[in-house]
Amino acid sequence: MRRISWMLAMVLVLSALLAACGKKDAAAVVKDLNEVVGEMESYQGAGVMTLHTGETPQQYKVEVWHQKPSYYRIALTNAKKDITQIVLRNDEGVFVLTPSQNKSFRFQSDWPDNQGQVYLYETLIRSITGDTTRQFADEKESYVFDVAANYNTHALVRQKIWLNKSDYAPKQVEVSDSNANVVVDVKFDSFKFGADFGKDAFDMQRNMTAATEEGNKTGTDAGVAPGEKTDDAGAQQPADPQAKQGADGAVSDGQSGISEGSGQQAVEGSEGSSGAASEQNGEEPTLAEPKESDSFGVIQPTYAPEGVKLKDDQILEEAGDYSVLLRYEGTYNYTIFEARPQDRAVSLAPSRLVDLGFTAGMISGDALQTLTWTVDGVEYRITSADLPENEMVRIATSMQEESGK
């Protein structure tokens with residue numbers, strides 16, 4: 001009897017040792033992750049991102065493509081409004097595209113090297129490998145890391161990252177604030193390493209035209225032929241009625257402090273290109289009269305920094321254009337400008353991309369900074385000399401689902 005008990009105990013010990021040999025600790029997984037990123041040539045992922053920043057959670061479909069050395073394509077689709085914006089990086093620079101409205105912003109930037117997004121694989125792995133205080137858990141089918149969040153806002157503090165055990169593909173990401181409330185949640189439906197892309201997959205014009213030709217779908221169809229390249233040359237027209245053109249052809253925006261000569265980073269559109277060409281020939285471009293839908297009311301943020309209050313709001317209807325100006329004062333002083341711009345080109349000062357979660361924004365200026373973004377055809381600008389960038393982002397986020405009053 002004693003011999004049988006001893007043999008049973010040995011079997012249990014051996015079973016435990018064999019089971020332990022099949023498990024990996026955090027250090028082993030981190031080593032594997034460094035190897036995966038180092039050998040990675042491309043990937044393609046898709047999923048759903050939920051933002052818990054307002055009273056009602058907002059969902060966005062996310063599609064992300066990456067191909068070495070530095071090609072990226074991120075498509076964010078508002079599930080409720082079915083409007084897609086694309087952030088694209090290729091050899092020509094970084095673009096923010098809204099194909100359904102024929103709008104494209106272009107600027108020089110090292111994004112995403114200087115700032116990652118929660119749905120980019122490199123960003124997630126960099127957060128894991130760079131946090132020496134990381135917490136690790138081994139679940140049934142996933143490795144789970146709890147690490148510091150490294151994004152452009154102080155509101156995001158921690159994040160939990162679920163990785164598939166079989167290939168280290170991301171399954172889910174939860175980003176939380178200082179109170180452990182989940183602010184951003186991304187669930188990946190699919191993720192594939194070594195994805196094959198067509199030669200035009202990261203071409204700006206191809207992504208602009210594919211949405212129209214395929215019913216606002218910019219998938220991986222290799223058969224969608226890219227449109228012809230548009231010409232950037234020519235004088236630029238301002239995107240709002242307050243912009244003024246100087247004698248040297250530069251465009252100056254009194255609200256945002258943007259001032260740069262033509263031929264710099266530009267907002268492009270088919271009508272904008274023709275308008276610029278008309279002005280170059282000495283003719284004023286012909287603009288359509290604004291429709292009733294162009295009046296979108298006054299869209300106010302639901303968030304304001306402590307000690308700040310709305311001073312006044314003005315509805316500006318100049319040159320047939322409808323726009324709104326909100327002025328805030330107190331601890332910080334800033335203005336919010338809202339307009340539905342015509343399809344015209346405008347030169348912008350050098351900018352850098354800022355992740356707003358629901359879309360991409362652009363920060364420009366030095367002493368006087370401006371955050372610019374576009375949603376549902378309305379362009380927003382927050383301009384201030386003293387408002388911190390993370391506060392700009394919080395204000396912008398609080399306006400995402402507000403309707404005009």
- Query: Are E391 and Y303 linked by a side-chain donor-acceptor pair shorter than 3.5 Å?
  - Reply: yes
- Atom NZ of K309: over 12 foreign heavy atoms under 6.0 Å: no
- Message: Quick check: do T374 and F105 have side-chain heavy atoms less than 4.5 Å from each other?
- Response: yes
- Would you indicate whether the side-chain heavy atoms of L316 and V324 approach each other to under 4.5 Å? no
- Note on the structure: Scanning both residues in full, the closest heavy-atom pair of A149 with L156 reads CB-O, 3.8 Å
- Query: If you round to the nearest 0.5 Å, how far is OG of S176 from CG of D185?
  - Reply: 9.5 Å
- Message: Over 60° means perpendicular and under 30° means parallel, so tell me whether Y43 and F191 are parallel, tilted or perpendicular.
- Response: parallel
- Rounded to the nearest 0.5 angstrom, the CD-CZ distance for Q67 and F202 is 5.0 Å
- Item | The single option from V183, V182, V186 passing side-chain contact (heavy atoms from CB on, under 4.5 Å) against E174 | V182
- Task: With sequence neighbours left out, write down each residue that passes salt bridge (Lys or Arg N to Asp or Glu O under 4.0 Å) with D386, or none if nothing qualifies.
- Result: none
- So, W162 versus E141: side-chain donor-acceptor pair below 3.5 Å or not? no
- Message: Between K192 and G45 (side chain of the first, backbone of the second, donor and acceptor by atom type, cut-off under 3.5 Å), is there such a pair?
- Response: no
- Query: Do I74 and I86 have side-chain heavy atoms sitting under 4.5 Å apart?
  - Reply: no
Report all side-chain donor-acceptor pairs from residues 25-32 shorter than 3.5 Å, counting only partners two or more places apart or in another chain.
{"residue": "D25", "atom": "OD1", "partner": "A27", "partner atom": "N", "Å": "3.4"}
{"residue": "D25", "atom": "OD1", "partner": "A28", "partner atom": "N", "Å": "2.9"}
{"residue": "D32", "atom": "OD2", "partner": "K24", "partner atom": "NZ", "Å": "2.6"}
{"residue": "D32", "atom": "OD2", "partner": "Y168", "partner atom": "OH", "Å": "2.6"}

- Task: Would you confirm whether H52, through its side chain, and V184, through its main-chain N or O, come within 3.5 Å as a donor-acceptor pair?
- Result: no
- What heavy-atom pair brings Q159 and S127 nearest, and what distance separates the two atoms? NE2-OG, 3.1 Å
- Decide yes or no on side-chain hydrogen bond (donor to acceptor under 3.5 Å, both in side chains) for E338 and Y322, but give the supporting numbers first. CA-CA 9 Å; E338 308 166 359; Y322 176 91; over 6 Å; no
- Counting N and O atoms only, with roles assigned by atom type, does the side chain of D131 sit under 3.5 Å from a partner on the main chain of V147, one being a donor and the other an acceptor? no
- Where the side chain of T123 meets the backbone of V118, is there a donor-acceptor pair that is under 3.5 Å apart? no
- Message: Could you measure the distance from the CG atom of L33 to the CG atom of L163? Nearest 0.5 Å is fine.
- Response: 6.0 Å
- Message: Let me confirm one number: the CE-OG1 distance from M392 to T397, rounded to the nearest 0.5 Å.
- Response: 13.0 Å
- Message: Rounded at 0.5 Å granularity, tell me how far CG in N90 sits from CZ in F95.
- Response: 5.0 Å
- Query: Judged by modelled atom types alone, do N164 and Y143 share a side-chain donor-acceptor pair under 3.5 Å?
  - Reply: no
- So, for P170 and F188, which heavy atoms are closest and what is the spacing to 0.1 Å? O-CB, 3.6 Å
- For the residue pair S142 and K171, what are the closest heavy atoms and their distance? OG-NZ, 2.9 Å
- When you measure from the side chain of T77 to the backbone N and O of T84, does any donor-acceptor pair fall under 3.5 Å? no
- Query: Is the backbone of Q205 close enough, under 3.5 Å, to the side chain of D203 for a donor and an acceptor to pair up by distance?
  - Reply: yes
- Message: salt bridge (Lys or Arg N to Asp or Glu O under 4.0 Å), that's the test. Do R158 and D146 meet it? Break it down for me.
- Response: CA-CA 7 Å; R158 301 290 298 179; D146 188 329; 2.9 Å; yes
- Task: Compute whether any side-chain donor of one residue and acceptor of the other, for E122 and Y72, lie under 3.5 angstrom apart.
- Result: yes
- Task: Scan side-chain atoms only and decide if T383 and T370 contain a donor-acceptor pair under the 3.5 Å cut-off.
- Result: yes
- Whether S42 side chain and A195 backbone form a donor-acceptor pair below 3.5 Å: yes
- Atom CG in L76, atom CG in L356: separation rounded to 0.5 Å? 10.5 Å
- Steps toward side chain to side chain contact (heavy atoms under 4.5 Å, CB included) verdict (N333, V308): CA-CA 8 Å; N333 300 282; V308 172; over 6 Å; no
- Quick one: do K187 and D189 make a salt bridge, cutoff under 4.0 Å? no
- Message: To check you understand the geometry: which heavy-atom pair defines the closest contact between R134 and T129, and what is its length?
- Response: NH1-O, 3.6 Å
- Item | Exam field: side chain S398 to backbone T302, donor-acceptor pair closer than 3.5 Å | yes
- Message: Under the criterion ring-ring contact (aromatic ring centres under 6.0 Å, His included), I'd like the reasoning laid out for F197 against W65: C-alpha separation, chi angles, the key distance, then a yes or no.
- Response: CA-CA 9 Å; F197 301 109; W65 301 352; 5.2 Å; yes
- Decide if atom NZ of K61 counts as having more than 12 heavy atoms of other residues, nucleotides or ligands within a radius under 6.0 Å. no
- Name the orientation class of the two ring planes belonging to Y380 and W373 (parallel below 30°, tilted from 30 to 60°, perpendicular beyond 60°). parallel
- Task: Identify the heavy atoms of L387 and I395 that sit nearest to each other, and give their distance.
- Result: CD2-CD1, 3.8 Å
- Query: Any Lys/Arg nitrogen of R327 or D313 sitting under 4.0 Å from an Asp/Glu carboxylate oxygen of the other?
  - Reply: no
